[in-house]
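I have placed the structure first, in the form of C-alpha cells, so that the comments after it can refer back to it.
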Amino acid sequence: MERQQEFVLRTLEERDIRFVRLWFTDVLGVLKSVAVAPAELEGAFDEGIGFDGSAIEGFARVYEADMLAKPDPSTFQVLPWRGDSPGTARMFCDIVMPDGSPSPADPRYVLRRTLAKAADAGFTFYTHPEIEFFLLKDRPTGDGRVPDPVDEGGYFDLTPHDVTHDFRRDAITMLERVGISVEYSHHEVAPGQQEIDLRYADALTTADNIMTFRLVVKEVAMSQGVYATFMPKPFSDQPGSGMHTHLSLFEGDRNAFYDPSDSMHLSKVAKSFITGLLVHAAEITAVTNQWVNSYKRLNWGGEAPSYVSWGHNNRSALVRVPMYKPNKGQSTRIEVRTPDSACNPYLTFALMLAAGLAGIEKGYDLPPGANADVQALTDAQRRELGLDPLPDSLASAISVMESSELVRNTLGEGVFDFFLRNKRAEWDEYRRNVTPFEINRYLPVL
C-alpha cells in the first residue's frame with residue numbers, strides 16, 4: 001500500500017496532475033466525486049477527506065454525519081478525456097467513520113465484506129459483465145417524448161459511416177487508456193443498442209470498472225453529439241438493456257467450478273452455487289433490478305428472464321451454463337442473466353456471491369435444468385417443471401426482499417433498511433403518477 005501511494009504521488013508530479021478526483025458511490029450506485037489538489041493527497045491517504053454523510057443517499061443520519069473518504073491507491077488512473085496538461089486523475093475511495101472503522105453504508109465495503117467471507121472458505125470470486133446500453137440522438141428532456149435512437153441497426157450490424165461503430169471504437173480506446181480491458185463489442189438487437197463486454201477480473205475490480213465504464217461511455221457519447229443511457233428499458237417495443245454477468249470461483253489457481261468427469265464439466269461446488277442463486281433469486285431481485293423500469297425489461301420476454309430456472313446453453317434461463325470448450329477448464333463459468341446495466345454493481349455482486357455461497361454451505365442439490373425456451377412454455381408447463389416466476393414489479397420484489405435474512409445479513413442493517421425505504425418511496429411515486437398510456441387510452445373515450 002505504501003509503495004502504491006508513493007507511485008501515485010510521484011506520478012502526480014511527473015505528469016503535471018493538478019486535480020485528483022476521489023470517487024465513491026451511494027447506496028443506489030450513483031457515482032460521487034470530490035476533487036482535491038495534489039498537495040492534499042498525502043494527508044488524504046493518511047486520514048481521509050471529510051464530508052457530510054447525511055447528504056449522500058443512504059449513508060448516515062444528520063446526528064452521525066461526519067465521514068471520511070480514504071483513497072485506494074491501487075485504483076489510481078489518469079482521466080484521458082480531461083486533457084493531458086494540466087491533467088486530472090481519479091481514485092476510488094473506501095468510506096470510513098471518524099474512528100477509522102469501515103462505514104457499513106459504503107457499497108464497496110459491503111462487497112469487500114462478502115468477498116472476505118468467500119476468502120475464508122478458500123475462494124476468490126471473478127466476474128465478467130456484458131453491459132448493454134442505448135445511444136440516442138439527443139438528451140431526453142423528460143417531457144414524455146419518445147427517445148430517438150441513433151440508428152436502425154440490429155444484432156451485429158455494421159454499415160458504412162455507422163456512428164455506433166465509431167463510438168464503440170473511441171469508447172474502447174478510452175477504456176483501455178484508463179486500464180479497463182475490453183473483450184468484445186457489437187451492436188445489439190434494438191436500434192441504437194450497444195454491448196461492450198469487460199474482461200474477467202476479481203469482483204471488486206470489476207465493480208470499480210463498471211462505475212468507470214458508465215462515465216466513459218457517457219463522456220464519449222457527449223463528445224460525439226449523442227447521448228448514452230443505461231435505463232433498463234427505454235422503448236416499449238424493443239428489448240431492454242441487461243448486464244449478463246459471468247461468474248466463477250477459484251481456489252488458488254484452480255477453477256473451483258470445473259470437474260472434467262462431469263457431463264457438463266461442472267463441479268459440485270458449481271452446481272450448489274447455481275442452486276443458491278436459484279433459491280435466493282427472488283430475494284435479491286430488488287437489488288439486481290432496482291428501478292421501476294427494470295421490470296418492464298424482465299416482463300417483456302425475449303432473452304430477459306422472468307422465471308427462476310437454469311439451463312445448459314439456454315439463453316432464456318435465469319442462469320445459463322455456457323458450452324464447455326475443450327481444454328478450457330479454467331474458463332468454466334456460469335452466466336446470470338437477471339441484472340440490468342443500471343444496478344449498483346457492488347451490491348449486486350455481493351448478493352449473487354452470498355446466494356451462491358449459501359448454496360455451497362448448505363449443500364443444495366441442483367434441480368433439473370430447462371432445455372426449452374422458458375418464455376414459450378405455457379403456465380401449466382412451467383408449473384409442471386417447478387419454474388417459479390420472478391417478482392413482476394418493484395413492489396413485489398420489495399415484498400420478497402424485506403423478509404430475506406440473506407439480503408439483510410449481506411447488505412447490513414443500515415443499507416438494507418435504507419434501500420427498502422427508498423424503493424417503497426419510488427414505487428409510491430410511480431403509483432400516483434398518471435402515465436401517457438392512461439391519458440391516451442382513457443381520456444378520449446371515458
- Query: Is D197 reaching over with its side chain to a backbone N or O of Y184, donor-acceptor style, under 3.5 angstrom?
  - Reply: no
- Message: Measuring only between side-chain heavy atoms, which start at C-beta, is K233 closer than 4.5 Å to S241?
- Response: no
- One should read off an interatomic distance between L31 CG and D26 CG, to the nearest 0.5 angstrom, of 9.0 Å
- Measure across V321 and I274 and return the closest heavy-atom pair with its distance rounded to 0.1 Å. CG2-CD1, 4.0 Å
- Query: Is it true that F125 and F250 have ring centroids separated by less than 6.0 Å?
  - Reply: no
- So do the side chains of Q224 and D170 get within less than 4.5 Å of each other, counting heavy atoms only? yes
- Query: Side chains of T288 and L351: closer than 4.5 Å at any heavy-atom pair?
  - Reply: no
- Item | Check: W291 and L394 side chains under 4.5 Å, non-hydrogen atoms | no
- Message: Over 60° means perpendicular and under 30° means parallel, so tell me whether W23 and F92 are parallel, tilted or perpendicular.
- Response: perpendicular
- Give, for atom CD1 of I284 and atom OG1 of T410, the distance between the pair rounded to the nearest 0.5 Å. 9.0 Å
- Item | Heavy-atom closest pair, residues L390 and P305 | CD1-O, 3.6 Å
- Supply the atom-to-atom distance C93 SG to L22 CG, rounded to the nearest 0.5 angstrom. 4.0 Å
- What are the two closest heavy atoms between R333 and P322, and how far apart are they? O-CD, 3.3 Å
- Taking all heavy atoms of M174 and all of P80, pick out the closest pair and write down the distance. SD-CG, 3.3 Å
- Message: Taking V400's backbone N and O only, do any of them form a donor-acceptor pair with S403's side chain (distance below 3.5 Å, no angle check)?
- Response: yes
- Query: Would E132 and H244 count as a side-chain hydrogen bond (donor to acceptor under 3.5 Å, both in side chains) if you check the C-alpha gap in whole Å, the side-chain angles of each, and the deciding distance to 0.1 Å?
  - Reply: CA-CA 9 Å; E132 297 173 345; H244 306 151; 4.6 Å; no
- Query: More than 12 foreign heavy atoms under 6.0 Å from CZ of R441: is that the case here?
  - Reply: no
- Task: Please lay out, stage by stage, how D208 and R108 fare under the test salt bridge (charged side-chain N to carboxylate O under 4.0 Å, His left out).
- Result: CA-CA 9 Å; D208 288 343; R108 209 166 183 257; 2.7 Å; yes
- Kindly indicate whether the side chain of V20, heavy atoms from C-beta on, has any atom under 4.5 Å from the side chain of T88. no
- Working for salt bridge (charged side-chain N to carboxylate O under 4.0 Å, His left out), residues D262 and K268: CA-CA 9 Å; D262 181 74; K268 177 68 167 66; over 6 Å; no
- Query: Rounded to the nearest 0.5 Å, how far does CG of D151 lie from CG of L135?
  - Reply: 8.0 Å
- Message: Is there a side chain to side chain contact (heavy atoms under 4.5 Å, CB included) between M243 and D340? Walk through the geometry before answering.
- Response: CA-CA 5 Å; M243 189 178 79; D340 57 49; 5.9 Å; no
- Message: With heavy-atom distances below 4.5 Å as the criterion, would you say the side chains of D259 and L266 are in contact?
- Response: no
- Is it true that a side-chain atom of Q194 and a backbone atom of G192 form a donor plus acceptor pair closer than 3.5 Å? yes
- Message: Using only atom types and a distance under 3.5 Å, with no angle test, would you say the side chain of T173 pairs donor to acceptor with the backbone of R169?
- Response: yes
- Query: Taking R408 for the side chain and D417 for the main chain, is one N or O donor matched with an acceptor at less than 3.5 Å?
  - Reply: no
- Item | Verdict with supporting geometry, N344 and Q290, side-chain hydrogen bond (donor to acceptor under 3.5 Å, both in side chains) | CA-CA 8 Å; N344 181 331; Q290 67 167 327; over 6 Å; no
- Report yes or no: do H187 and Q193 form a side-chain donor-acceptor pair below 3.5 Å? no
- Task: Go through the structure and list residues passing salt bridge (Lys or Arg N to Asp or Glu O under 4.0 Å) with E335, not counting sequence neighbours.
- Result: R320, R337
- Apply side chain to side chain contact (heavy atoms under 4.5 Å, CB included) to the pair E251 and T124, showing each step before the final yes or no. CA-CA 7 Å; E251 294 177 301; T124 305; over 6 Å; no
- Task: Measure from NZ or CZ of K271 to the centre of the six-membered ring of F273, then state whether that distance is under 6.0 Å and the direction lies within 45° of the axis.
- Result: no
- Query: Nearest heavy-atom pair of F257 and T332: which atoms, and what distance?
  - Reply: O-CG2, 3.6 Å
- Message: So does Y307 get a backbone contact from the side chain of R382, meaning a donor-acceptor N/O pair under 3.5 Å?
- Response: no
- Query: Given the rule in the side chain to side chain contact (heavy atoms under 4.5 Å, CB included) test, do M352 and T338 qualify, once you have shown the distances and angles that lead to the verdict?
  - Reply: CA-CA 10 Å; M352 290 195 296; T338 328; over 6 Å; no
- Message: Tell me whether E402 is salt-bridged to R424, with the criterion being a basic N under 4.0 Å from an acidic carboxylate O.
- Response: yes
- Task: Please name the pair of heavy atoms, one in F76 and one in A89, separated by the smallest distance, quoted to 0.1 Å.
- Result: CE1-CB, 3.4 Å
- S396 side chain vs D392 backbone, donor-acceptor pair below 3.5 Å: yes
- Would you call L347 and L111 a side-chain contact if the rule is heavy atoms closer than 4.5 Å? no
- Query: Between D94 and Y109, is there a donor-acceptor pair closer than 3.5 Å when you use the side chain of the first and the backbone of the second?
  - Reply: no
- Task: Run the numbers on T435 and E438 for side-chain hydrogen bond (donor to acceptor under 3.5 Å, both in side chains), then give the verdict.
- Result: CA-CA 5 Å; T435 65; E438 294 166 277; 2.9 Å; yes
- Item | Option from L377, L387, D388 for which side chain to side chain contact (heavy atoms under 4.5 Å, CB included) with S309 holds | L387
- Message: For the CG atom of L249 and the CZ atom of F123, what is their distance to the nearest 0.5 Å?
- Response: 5.5 Å
- Task: Give a yes or no on whether the backbone of G359 and the side-chain of T275 come within a donor-acceptor separation of less than 3.5 Å.
- Result: no
- Checking salt bridge (charged side-chain N to carboxylate O under 4.0 Å, His left out) for the pair E426/K423: CA distance, chi angles, key distance, verdict? CA-CA 5 Å; E426 181 181 343; K423 292 300 144 185; 2.7 Å; yes
- Side chain of Q330, backbone of N255: donor and acceptor closer than 3.5 Å? yes
- Parallel, tilted or perpendicular: rings of H265 and Y258 (30°, 60°): parallel
- Message: Measuring from atom OG of S181 to atom CG of N209, what distance do you get when rounded to the nearest 0.5 angstrom?
- Response: 8.5 Å
- Item | Pairwise side-chain contact, T285 with Y295, heavy-atom cut-off 4.5 Å (strictly under) | yes
- Item | Criterion salt bridge (charged side-chain N to carboxylate O under 4.0 Å, His left out) on R112 and D72, from CA distance to verdict | CA-CA 13 Å; R112 278 189 187 277; D72 178 349; 3.4 Å; yes
- Can E361 and L357 be said to form a side chain to side chain contact (heavy atoms under 4.5 Å, CB included), step by step? CA-CA 6 Å; E361 291 166 2; L357 290 177; 4.3 Å; yes
